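Notes for the one structure printed next.
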Amino acid sequence: LTDPKQVTLWWTGDGCGADSYTMDLRRGGRWTYDKESKQPNVHGVSRLHCEGEVLEYDPPRTLAYTWIANWHEDQSQRTVVRWQLSKTDSGTHIVVTHSGLAKLPKSRKDYSGGWPGVVGKLKAFVEK
């Protein structure tokens with residue numbers, strides 16, 4: 001979830017891949033994500049950029065950060081992504097919550113399909 005070399009390997013796909021990913025792993029640290037696309041694919045944006053601030057970092061249990069994306073219909077609207085991990089008998093249970101989307105109906109709809117795909121790609125990556 002935090003290693004830029006690994007994130008760019010598994011967080012990939014049409015429209016959601018990562019060309020670059022950085023994260024300063026401390027409370028208050030900054031993170032960025034960038035993806036260049038050959039054609040506009042998310043609300044007419046061809047250079048996807050997302051950034052934010054780390055709110056909580058408690059490895060290996062919790063990672064939370066603000067998520068501000070240039071493809072949101074209101075780019076001033078702060079949203080928060082929270083990853084919660086817990087050990088199970090067979091591995092790790094992951095819960096991803098993306099909050100703050102109530103005033104962003106287009107983005108909320110996009111993420112309802114996007115996050116399951118991201119988690120599926122993470123699962124496939126760690127099971128290799």
Side-chain angles (χ1 to χ4, degrees):
L1 299 178
T2 60
D3 181 313
K5 290 179 184 173
Q6 290 185 1
V7 169
T8 56
L9 291 175
W10 63 264
W11 196 315
T12 58
D14 296 337
C16 292
D19 289 333
S20 69
Y21 177 87
T22 63
M23 184 172 279
D24 180 357
L25 290 171
R26 62 185 170 87
R27 190 167 189 224
R30 303 292 301 166
W31 75 274
T32 62
Y33 156 94
D34 287 284
K35 168 67 177 163
E36 187 71 42
S37 176
K38 292 183 171 108
Q39 59 185 358
N41 55 16
V42 180
H43 306 294
V45 175
S46 60
R47 174 109 184 120
L48 303 179
H49 175 78
C50 195
E51 63 182 56
E53 176 184 345
V54 175
L55 301 173
E56 188 176 355
Y57 180 58
D58 182 20
R61 294 171 285 282
T62 307
L63 173 63
Y65 44 85
T66 58
W67 177 283
I68 302 166
N70 69 341
W71 62 87
H72 287 173
E73 57 266 40
D74 178 358
Q75 294 176 30
S76 68
Q77 182 69 38
R78 173 184 145 158
T79 66
V80 175
V81 173
R82 181 179 180 85
W83 299 80
Q84 294 173 272
L85 293 81
S86 56
K87 185 177 179 180
T88 67
D89 290 340
S90 60
T92 303
H93 179 75
I94 298 176
V95 175
V96 181
T97 306
H98 193 162
S99 60
L101 294 165
K103 295 179 180 179
L104 301 170
K106 290 179 187 176
S107 298
R108 186 175 61 246
K109 182 179 178 191
D110 291 343
Y111 289 122
S112 70
W115 281 116
V118 168
V119 172
K121 290 175 184 192
L122 174 59
K123 180 180 187 293
F125 178 76
V126 298
E127 288 179 345
K128 280 185 191 176

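Not measured: the values here are computed from a predicted model. Position 1 is the first residue of the sequence, and the numbers go up from there. Only heavy atoms go into these numbers, but all of them, side chains included; no hydrogens, no water, no symmetry mates.
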I'd like to know if the side chain of [X] and the backbone of [Y] have a donor-acceptor N/O pair within less than 3.5 Å.
X	Y	value
R27	L55	yes
T8	P4	yes
S107	L104	no
Q75	N70	yes

Derivation and outcome, side chain to side chain contact (heavy atoms under 4.5 Å, CB included), residues V80 and R78:
CA-CA 7 Å; V80 175; R78 173 184 145 158; 4.0 Å; yes

Angle between ring planes, H98 versus Y111, binned at 30° and 60°: parallel, tilted or perpendicular?
tilted

Quick check: do Q84 and R61 have side-chain heavy atoms less than 4.5 Å from each other?
no

Between T32 and H49, is there a side-chain donor-acceptor contact under 3.5 Å, judged purely by atom types and distance?
no

Report yes if the distance between the aromatic ring centroids of W83 and W67 is under 6.0 Å, otherwise no.
no

Any ion pair linking K103 and E73 (charged N to carboxylate O, less than 4.0 Å)?
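So E73 does not pair with K103 through a salt bridge.
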
Basic-acidic side-chain contact under 4.0 Å: R26, D24:
yes

Measuring from atom [atom1] of [X] to atom [atom2] of [Y], what distance do you get when rounded to the nearest 0.5 angstrom?
X	Y	atom1	atom2	result
K106	H72	NZ	NE2	12.5 Å
Q77	L101	CD	CG	8.0 Å
L1	I94	CG	CD1	6.0 Å

Passes side chain to side chain contact (heavy atoms under 4.5 Å, CB included), T2 versus W31? Steps please.
CA-CA 10 Å; T2 60; W31 75 274; over 6 Å; no

